[in-house]
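Working notes, structure below.
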Amino acid sequence: MNFTSFHPTPRTLMGPGPSDVSPRVLSALSRPTIGHLDPEFVAMMDELKALLKYAFQTENELTMPVSAPGSAGMETCFVNLIEPGEKVIVCVNGVFGTRMVENVERIGATAIVVNDDWGKPVDLEKVKKAFSEHPDAACLAFVHAETSTGVLSDAKALCQIARDNGALSIVDAVTSLGGVELRVDDWGIDAVYSGSQKCLSCVPGISPVSFSPKAVEKLKGRKTKVPSWFLDQSLVMNYWGGEGKRTYHHTAPVNAMYALHESLLLLKQEGLENAWQRHKDQHELLKKGLTELGIEFIVDEAYRLPQLNTVVIPAGVDDAEVRGKLLNNYNLEIGAGLGIFAGKAWRIGLMGYAAREENVALCLTALKSALAK
Ligand SMILES: *Cc1c(COP(=O)(O)O)cnc(C)c1O
């Protein structure tokens with residue numbers, strides 16, 4: 001074999017993630033690697049944590065990036081906050097809810113599953129009913145923005161229901177952070193995790209998480225050891241923690257942290273509300289163009305995600321062929337349908353740096369041409 005350096009073709013990423021990475025973030029990634037306990041790195045990490053608090057709209061002290069992708073953020077919340085034998089009400093309205101059920105069961109806890117149709121948000125009444133049937137449930141877990149369907153659920157109302165029933169809340173904000181309104185403290189979210197590669201314009205591989213004081217209290221009062229050494233937040237806290245001397249826990253992915261820092265700085269400079277508005281505006285532009293092409297949305301406007309547009313593949317159109325044309329002729333990636341939407345829907349992402357007018361224009365031009373031939 002003749003090995004050579006890998007030079008990927010630049011693509012425009014308008015799928016369910018990873019999404020387009022800002023050039024500023026890519027440039028940050030290539031800066032010199034320094035030691036992960038170097039005072040300069042430690043100072044950068046303090047800033048990164050402050051920027052994360054801003055992005056999450058929280059004062060939670062335990063707010064930090066897990067050195068692994070969004071799935072590890074999910075696992076971090078479950079392994080730290082749930083003990084064997086406990087009951088967790090898990091809302092399932094897409095792929096990522098089913099993964100939460102997996103997490104709960106692997107811990108040896110019981111998942112009380114509240115099912116909703118794919119393409120629909122979590123039904124508040126069903127969650128209330130589940131709590132009335134299981135008043136001993138320790139926690140409510142749900143996905144704020146279901147990337148498999150493009151649906152937004154009412155995180156504020158769901159966390160209120162959890163609080164009313166004396167339960168903690170675990171919220172998947174992988175696709176919502178930076179893309180739609182998310183207010184961790186105002187909404188009383190106890191544990192939240194996200195991902196770097198969706199609406200943050202960053203490379204994949206890091207998962208920001210935040211625990212409320214109530215969640216930290218639960219962690220500290222555990223009867224059993226956290227079943228994962230790597231994800232045990234009481235250990236990681238000594239590494240990322242603000243006070244005193246930092247002790248080695250694992251080697252942080254140093255350059256990836258520069259990238260996350262830069263992406264959060266971009267968000268801060270733009271302003272969180274402005275970023276939410278930009279995603280909305282680009283969604284409106286895309287919607288107008290798609291409607292002109294005769295392409296319909298699957299999700300009702302009332303709970304549609306601006307950053308993830310699930311649309312019906314027009315009748316008689318070959319799914320793989322069209323996506324192939326977009327990739328080969330336009331270097332444009334859009335997402336295929338997942339689960340029950342496989343072969344029936346496309347998922348067009350407008351996440352982070354991808355939520356720009358030129359991307360919308362490219363996508364519409366490319367789709368028009370691919371559908372015409
Ligand atoms: C992408 C995604 C995840 C998983 O993140 P990875 O970085 O792929 O591990 C979890 N939940 C939701 C809602 C997602 O969109």
Side-chain angles (χ1 to χ4, degrees), residues 16-17 66-123 126-127 130-131 133-134 136-151 153 155 158-159 162 167-177 189-198 204-211 215 218-219 222 224-233 308 335-342 347:
V66 172
S67 302
S71 306
M74 180 188 283
E75 196 137 344
T76 297
C77 292
F78 286 97
V79 295
N80 281 279
L81 300 177
I82 308 299
E83 291 206 68
E86 285 183 340
K87 277 187 193 172
V88 181
I89 297 177
V90 186
C91 307
V92 177
N93 63 336
V95 165
F96 293 101
T98 65
R99 293 201 180 165
M100 287 178 148
V101 174
E102 250 325 286
N103 270 267
V104 169
E105 289 175 347
R106 282 173 190 238
I107 291 167
T110 304
I112 311 295
V113 179
V114 172
N115 277 303
D116 280 293
D117 289 343
W118 284 47
K120 292 278 186 306
V122 174
D123 183 334
K126 286 190 194 169
V127 174
F131 269 114
E133 286 164 4
H134 303 276
D136 54 338
C139 183
L140 171 70
F142 65 91
V143 179
H144 186 206
E146 243 305 344
T147 324
S148 58
T149 62
V151 166
S153 285
L158 285 164
C159 290
L168 289 180
S169 49
I170 295 180
V171 180
D172 178 320
V174 176
T175 282
S176 56
L177 183 66
I189 297 174
D190 289 304
V192 62
Y193 59 91
S194 190
S196 47
Q197 80 277 29
K198 310 269 166 116
I206 303 179
S207 177
V209 298
S210 185
F211 283 11
K218 168 114 198 237
L219 169 59
R222 285 181 68 101
T224 57
K225 260 190 175 179
V226 173
S228 162
W229 176 84
F230 183 68
L231 299 176
D232 184 339
Q233 290 303 282
L308 202 280
L338 256 189
I340 62 162
F341 291 143
R347 290 179 301 152

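- Distance alone, capped at 3.5 Å, places no donor-acceptor pair between the R347 side chain and the G150 backbone.
- Between atom SG of residue C91 and atom NE2 of residue H144 there is a gap of 12.5 Å, rounded to the nearest 0.5 Å.
- Nearest heavy atom pair, residue G97 against residue V143, reads N-CG2, 3.8 Å.
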Can you list the steps and then say if C139 with L81 is a side-chain contact (heavy atoms from CB on, under 4.5 Å)? CA-CA 9 Å; C139 183; L81 300 177; over 6 Å; no
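- Pairs engaging residues 73-87 under the side-chain hydrogen bond (donor to acceptor under 3.5 Å, both in side chains) rule: E83-T224, E86-K218, K87-H134, K87-D136 [sequence neighbours left out].
- Minimum interatomic distance between L219 and Q233 (heavy atoms only, all atoms of both residues): CD2-CB, 4.0 Å.
- Not a single donor-acceptor pair under 3.5 Å links the side chain of K198 to the backbone N or O of L177.
- Here side-chain hydrogen bond (donor to acceptor under 3.5 Å, both in side chains) pairs that include residues 104-114, with residues two or more places apart or in two chains, are E102-R106.
- E146 CD to F96 CZ: the interatomic distance, rounded to the nearest 0.5 Å, is 6.5 Å.
- Checked by atom type and distance alone, the side chain of T149 never pairs as donor or acceptor with a backbone atom of G94 at under 3.5 Å.
- Of all heavy-atom pairs spanning C77 and A191, the tightest one is SG-CB, 4.0 Å.
- Taking the side chain as every heavy atom from C-beta outward, L140 and F131 approach each other to under 4.5 Å.
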CA sep, side-chain torsions, deciding dist, call: D172, Y193, side-chain contact (heavy atoms from CB on, under 4.5 Å): CA-CA 6 Å; D172 178 320; Y193 59 91; 2.8 Å; yes
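- Contact annotation: the side chain of P16 approaches that of L308 to within less than 4.5 Å [non-hydrogen atoms, C-beta and beyond].
- Between G73 and S207, the shortest heavy-atom contact is CA-OG, 3.1 Å.
- Atoms OG1 and CG, on T98 and N103 in that order, are 10.0 Å from each other to the nearest 0.5 Å.
- Nearest heavy atom pair, residue S169 against residue A162, reads CB-CB, 4.2 Å.
- The shortest distance between side-chain heavy atoms of V226 and L231 does not fall below 4.5 Å.
- Here the side chains of P69 and P204 are not in contact, with every heavy-atom distance at 4.5 Å or above.
- In terms of heavy atoms, I107 sits closest to I82 at CG2-O, 3.7 Å.
- With contacts defined as side-chain heavy-atom distances shorter than 4.5 Å, the pair W118/N93 does not qualify.
- Using a 4.5 Å heavy-atom cutoff, the side chains of F142 and C159 are in contact.
- Side-chain contact check for V127 versus V122: some heavy-atom pair is nearer than 4.5 Å.
- With sequence neighbours left out, A173 forms a side chain to side chain contact (heavy atoms under 4.5 Å, CB included) with S176, L182, V192.
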